[in-house]
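To start, the structure itself, in structure tokens.
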Amino acid sequence: MRVKKHWKKISPDHRESLKVVVLQAFTQESDHTVRHSLSQLSAVMVKHETPDRWPALLELLNQSTKSNNPQDRQVGLLLLSKVVESNPEPFKPHYHQLLQLFGDVLQQDLENPACLYYCILTLTAITAYVGSEEMNLMRSLIPKMIIALKHLIKADQDQASEAMEIFDELMESEVSIIVPHIVEIVHFCLEVNTTLSDSLRVKALSCIAFLIRLKSKTVLKHKLLSPILQGIFPVLSAAPPPGEEDPEDDENDSGDGSDSESPKHYAAQVRSGPPSMPLAQACLSSGNPYERKGGLMCLAVLAEGCADHIRTNHSLHITEQSGSTLMLLSSMLQTVCQSLSDSNQVVRSAGLFALGQFSEHLQPEVSKYCSELMPLLLGYMSCLNQAKVGHVTKAFYALENFMENLGEEIAPYLPTLMETMLSALHNAEELKIKELAVSAIGAIANAAKELLVPYFPPVIESLKGFLTATTEEMRALQTQALDTLSVLARTIGKDVFGPLAAECVQLGLNLSNTIDDPDLRRCTYSLYSAVSTVSPDCLTPHLDSITTVMLMGLKSTEGAGPPRRTRRSDVLFERVYNDGRLVPRFSVENAFIDEKEDACDALGEINTALCAMHKLLDVVLPCLVETVRSERERHVVMSVLEAMNGVVKACQGEALQQPGRLQDISHAIRDVLKKKTVCQDGGGDEAEDEDQQAEYDAMLQEFAGEGIPVLASAVPADVFLPYLNDLLPLIMSKAKASCTVADRSFSVGTLGEVLQSLVTVSGGRAVAGRLANRLLPVLVAGVRDSNSEVRNNSVFGLGALAEAAGPVIVSDFPMMLSVFSNLLSKEDDRRVIDNLCAALCRMITSNVEVIPLEQVRCAILPARPSQCSNRESVLALLNFRFCFVVKRITVGHNHHQKVLRISFLYFWGCYFCPMVSLS
């Protein structure tokens, strides 16, 4: 019998006997392997029997960890690490005592590496749960821990590498603990990044990268950037061992995305910004090809990490001892372009990757250099049939990212581009090159749109051969061909693609029926969505078959095993492209989950295109509701909620005509907010990380919350009111001061969106008035919140309430004006001020007679909405001028249209001619 799965089935007497037997066996056992297994068994039991219900365990831990015998301490710390790792929170009452113990161990057991190892593992386990009362004690352990790690490195580098996870946990959970010791930590990591094992160097470099992201100002304050750069550049520009190549430089690399965790890979992630440019420039002028490659990798990382700075200033300013250096974007691009003609393949490959990074992250500025860059890329493409796959992959990466943003400027290059791509489709021997060419045609189509029409027949002719392939080796190419076909459907024009629409639908159905592959099915869903935008009638005869396949995919449990625990350092740097190598966006294990997400998106778009099709709505919406309740994967439920919201938003009341439909959707949203769906039950054999689970639950609830204002805008207010009354307490409960900032922001933001929805529906004013007494205190409290995002959403909500309820809440206007006045006197966040102006304008336009306009004018003029291009700023400017025009023209109701015309002209005059006076 497995204790983990069947503990509750064991009788209480047998449980107590088992606890005694396990501890007795642990104390008597001398073999380390057996002791390790017994400690793991104890850890499993602690998941069910909390420490306070197992006093014998606490007594054993207390005696053994404080023993004068080093062997006893080692054994006690082994058991402690396992039971605390399995269930850290119940040990919280003992944290202070444990931290004192760890301080003694880290100082006294430097010659006992096993004790140090188990001690640091336990520290790692409790870090996320440490409270303010233990913070100072935890902070005092950092210097001792660094010394202990140095001793552990000498004894066992593998154990030291695992122990260094403590830094990841501290930075993610309680970064304030390490801030006073950031200098020691950085210097320690730089020492590790020398001649030790790759796994240790990777940990050290990822730690430095994480620190720079979290505490860049502290790093600069302590002048740590220079030693960091001096430490990482030798790694970044190092040549591989003799006879080997860096993975990204392997000429025979298939481009399948296989990724190794090398120090060079992580050195490339240390985004140090403009100060790295002097070192990069020195590398770029070096005679060593790997140093030139390192310089280019630095530029590539700068393009991503400093994109906003470069985009805004078009330059990087670097101050050196010799003076000030200015490297313009054009100069950086020129350097990259020169590398494409370098004599060394390694340098050319890095140059292509850097150009791809520039094209991806520095748009639209990079597109201005089209005339210089496109000939270079086309020159590269002209010999792609003879090049190696790994190198060609980077060339296509650069080309695709650059082309997609060109728009009509791609026209002069279309003949050469299409000739090159069609030639590759016909003549390339490597299937991977054909796959890349098919993908590039999709990118070209996104830019060229109808300009691609002359090339459409040969493209379709080529794709047909791939689309009907039956062999496994052709599957990736076939999947890419389907994806590109969908792009063509959306971009080439209805007149051109329309005649093929019915054939495409049949092709998708045939593939779904004959090939069992989740990625292929995902692409057929995308194809159906694309066809629905071109020729929706072609889908109508096949709706039953199409929705059956998609709904089967949604209900499938295939591939829905427990998620893998991913190291934080892996998550931190997960990107589409890393250090010049193609990294897959999704793992194979998640292909079925991705299929479900795409099925949801497709169902939503098809329903939007065919929202008058009652039969489709009657099939799809009940399935979506059931999937919300029964699906185990949170990501799938998020996609389902998003699709369901999209369908209702597009079809409005049409989607909710079926009796019981509104109730079913409302109750599904309620179940998510109450955490009563299957994906929120926290069950399963493998307990998911609690922090990750909480984060996913919060995201789920946000997706569910977005559905409430969508429903409110789709039906008369009095029809939705019973369900709204059921949902509002669940939303309002997250606005309490004890809730997280994210919850408070979500709560008041959702309330504001619901109120705004009531403005436009029948009976909305009456319902808003009935809700005012419940919502007003919540929103006013939010205006006084310490977080600017919560204040921003609360101010928006008050404005929406004033607009929705109108005269019904006029008696509350003085109090609201007082709240706004107090906020305005001390608010420094421009978004909040913009929303405040808009909220005042909503109050004025809902009942102009009760607002002291002259006082409002004097208060608001110094804080007129900023020139941000957001909806609230424009709304505030419009209403602000409208209100004062209304005040100056005394007319009766029969002159209302004249007032509107005059105020409209006045608004445009003031908005486009700033010299026009508001007075």
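Numbering of residues begins at 1 and proceeds along the displayed sequence. Keep in mind the model is a prediction, meaning the values are calculated, not measured.
For the pair Arg629/Lys676, no side-chain contact is recorded, criterion being any heavy-atom separation below 4.5 Å from C-beta on. Counting only heavy atoms from C-beta outward, the side chains of Lys82 and His36 approach each other to under 4.5 Å. Considering only heavy atoms from C-beta on, Leu730 comes within 4.5 Å of Arg670 through its side chain. Inter-residue side-chain proximity for Phe91 and Leu58 is flagged as met; some heavy-atom pair is nearer than 4.5 Å. Considering only heavy atoms from C-beta on, Val83 stays 4.5 Å or farther from Asn87 through its side chain. The side-chain heavy atoms of Val192 and Lys203, taken from C-beta on, include no pair separated by under 4.5 Å. At a threshold of 4.5 Å between non-hydrogen side-chain atoms, the residues Leu106 and Leu123 count as touching.
Taken to the nearest 0.5 Å, the CD1 atom of Ile120 stands 10.5 Å off from the CD atom of Glu162.
Applying the side chain to side chain donor-acceptor pair (under 3.5 Å) test to residues at least two apart or on different chains, the pairs with a partner in residues 94-104 are Asn62-Gln97. Applying the salt bridge (charged side-chain N to carboxylate O under 4.0 Å, His left out) rule to pairs touching residues 105-114 yields Arg73-Asp109, sequence neighbours excluded.
For Arg784, there are no side chain to side chain donor-acceptor pair (under 3.5 Å) partners two or more places apart in sequence or in a different chain. Remark: Ser745 engages Glu789, Asn793 in a side chain to side chain donor-acceptor pair (under 3.5 Å) (not counting sequence neighbours). Asp785 pairs by the salt bridge (Lys or Arg N to Asp or Glu O under 4.0 Å) definition with Arg744, not counting sequence neighbours. Partners of Asp664 under the salt bridge (Lys or Arg N to Asp or Glu O under 4.0 Å) rule, at least two apart in sequence or in another chain, do not exist in this structure.
More than 12 heavy-atom neighbours from other residues, nucleotides or ligands sit within 6.0 angstrom of NZ on Lys150.
Taking the six-membered ring where tryptophan is involved, the planes of His667 and Tyr723 are perpendicular, since the angle between them exceeds 60° and thus also 30°.
A donor and an acceptor atom, one from each side chain of Gln680 and Thr677, are located under 3.5 Å apart. A donor atom on one side chain and an acceptor atom on the other are not found under 3.5 Å apart for Lys675 and Gln701.
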